[in-house]
Number of protein chains: 2
Amino acid sequence: MPRTQEGNHLPDLSRYIAPAGTALDAGRCPVRDVLDRLGDKWTTLILLQLAEGPKRFAALNRGVPDISKRMLTQTLRTLERDGLVERTVFPTKPPSVQYELTETGLSLMTPLGGLLAWAESRHGDIRAARVAYDSTEVAPAE
Amino acid sequence: MPRTQEGNHLPDLSRYIAPAGTALDAGRCPVRDVLDRLGDKWTTLILLQLAEGPKRFAALNRGVPDISKRMLTQTLRTLERDGLVERTVFPTKPPSVQYELTETGLSLMTPLGGLLAWAESRHGDIRAARVAYDSTEVAPAE
DNA sequence: TCTATACGGTCTACATAAGAGACCATATCC
DNA sequence: GGATATGGTCTCTTATGTAGACCGTATAGA
């Protein structure tokens with residue numbers, strides 16, 4: 001079994017890999033249980049909106065214009081259920097609903113920020129790699 | 001790279017939010033273009049496998065037992081296209097194929113590690129929040 | 001008064017994506 | 001000869017995501 005063959009200053013990621021065959025099921029594997037949520041396509045965008053401060057439903061919808069209300073509701077419910085977002089209903093007439101990050105949600109912003117910084121700095125590389133890949137696929141003249 | 005550590009003092013995340021109405025489309029918004037990939041359900045798991053060192057197709061399949069070959073192939077192709085993973089075919093008799101992280105892929109491991117550390121440390125909170133949420137939903141008698 | 005808009009959603013119908021599992025060719029082992 | 005392993009592809013079915021209509025209340029404007 002190949003160990004980590006180089007000591008290239010990586011964080012010890014193997015700790016996040018479930019022991020083979022045992023804990024890869026959701027509910028026990030934090031990677032799946034948490035990371036899958038961030039990949040919800042909308043979750044990260046909404047968290048980013050809320051990182052600016054508490055917002056209301058319609059404001060979130062404006063901040064992420066191409067999300068449907070259904071998906072916005074659904075994503076917010078999941079975030080609320082996971083304890084990342086707090087939902088407060090003000091009994092005004094039309095009732096207004098405020099969403100804001102909880103302490104847990106707020107604490108996610110730091111590691112998320114690191115990932116976004118990576119995404120921003122490497123976005124050019126990734127896009128270039130795609131172009132290169134697609135061109136060699138179309139014209140494998142190498 | 002922002003190294004903000006305080007919970008109430010966030011890194012400037014607003015920079016990752018596209019100017020309203022302009023750049024939320026994929027291809028211009030790094031958040032979508034990159035983060036959506038990590039949410040591919042399998043991508044992170046496979047990257048974690050490869051963080052241990054180069055692996056072959058079947059080894060990856062064993063490391064993530066419940067992925068189908070079809071999804072494994074597809075995910076690896078996407079990672080290769082994005083320049084995060086390099087695919088090398090050795091012309092042995094049943095040809096063997098090795099996958100390994102590129103420098104770009106390797107560079108993702110650090111911010112990803114931060115996110116996984118967060119996921120691990122908050123997993124208990126999140127699961128507890130879910131239980132609490134579900135119980136109040138089922139029995140809203142307060 | 002009649003209509004339009006905004007609030008915060010829900011509901012239904014449809015399109016896309018994921019998943020299971022058969023299948024392929026080659027080669028070695030028993 | 002049959003099983004197993006290599007690295008996939010292909011089709012079929014099911015789950016998920018999306019668009020958009022709809023709902024009731026309330027305010028503003030014509």
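Just so you know, these numbers use all the heavy atoms, side chains as well, and skip hydrogens, waters and symmetry mates. Chain naming here is simple, since letters A, B, ... match the order of the sequence lines and numbering starts at 1 in each.
Between Val64(A) and Leu48(A), every side-chain heavy-atom pair lies at or beyond the 4.5 Å cut-off. Residues Lys55(B) and Tyr99(B) form no side-chain contact, since every pair of their non-hydrogen atoms from C-beta on lies 4.5 Å or further apart.
Across Gly83(B) and Thr102(B), no two heavy atoms sit closer than the pair O-OG1, 2.6 Å. For Thr92(B) against Ser96(B), the heavy-atom pair with the smallest separation is OG1-N, 3.2 Å. Between Leu84(A) and Trp118(B) the shortest heavy-atom distance is CD2-CH2, 4.0 Å. Here the closest heavy-atom approach between residue Gly63(B) and residue Gln49(B) is recorded as O-NE2, 3.3 Å.
For Trp42(A) and dT18(D), the shortest distance from a side-chain N or O to OP1 or OP2 is below 4.0 Å.
For Thr75(B), the side-chain hydrogen bond (donor to acceptor under 3.5 Å, both in side chains) test picks out no residue, with sequence neighbours left out. Looking at residues two or more places apart in sequence or on another chain, you find a side chain to side chain contact (heavy atoms under 4.5 Å, CB included) between Thr78(A) and Arg37(A), Asp82(A).
Here Tyr99(B) lies in heavy-atom contact (under 4.0 Å) with sugar-phosphate atoms only.
Residues from residues 70-82 of chain B lying near DNA chain D, meaning a heavy-atom separation below 4.0 Å, are Arg70(B), Thr73(B), Arg77(B) in numerical order.
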So which protein nitrogen or oxygen atoms get under 3.5 Å of nucleotides 23-28 of chain D's nitrogens or oxygens?
unit_1, atom_1, unit_2, atom_2, d
dA26(D), OP1, Lys93(A), NZ, 2.8

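For residues 96-119 of chain B, the pairs satisfying salt bridge (charged side-chain N to carboxylate O under 4.0 Å, His left out) are Arg122(A)-Glu103(B), with sequence neighbours left out.
The CD1-C1' distance, from Ile67(A) to dT16(D), rounds to 14 Å in whole Å.
First and last contacts of DNA chain C with chain B, using any nucleotide atom under 4.0 Å from a protein heavy atom and ordered 5' to 3', fall at dA18(C) to dA27(C).
Within the model, atoms CZ of Arg77(B) and CG of Leu72(B) stand 9.5 Å from one another, a figure rounded to the nearest 0.5 Å.
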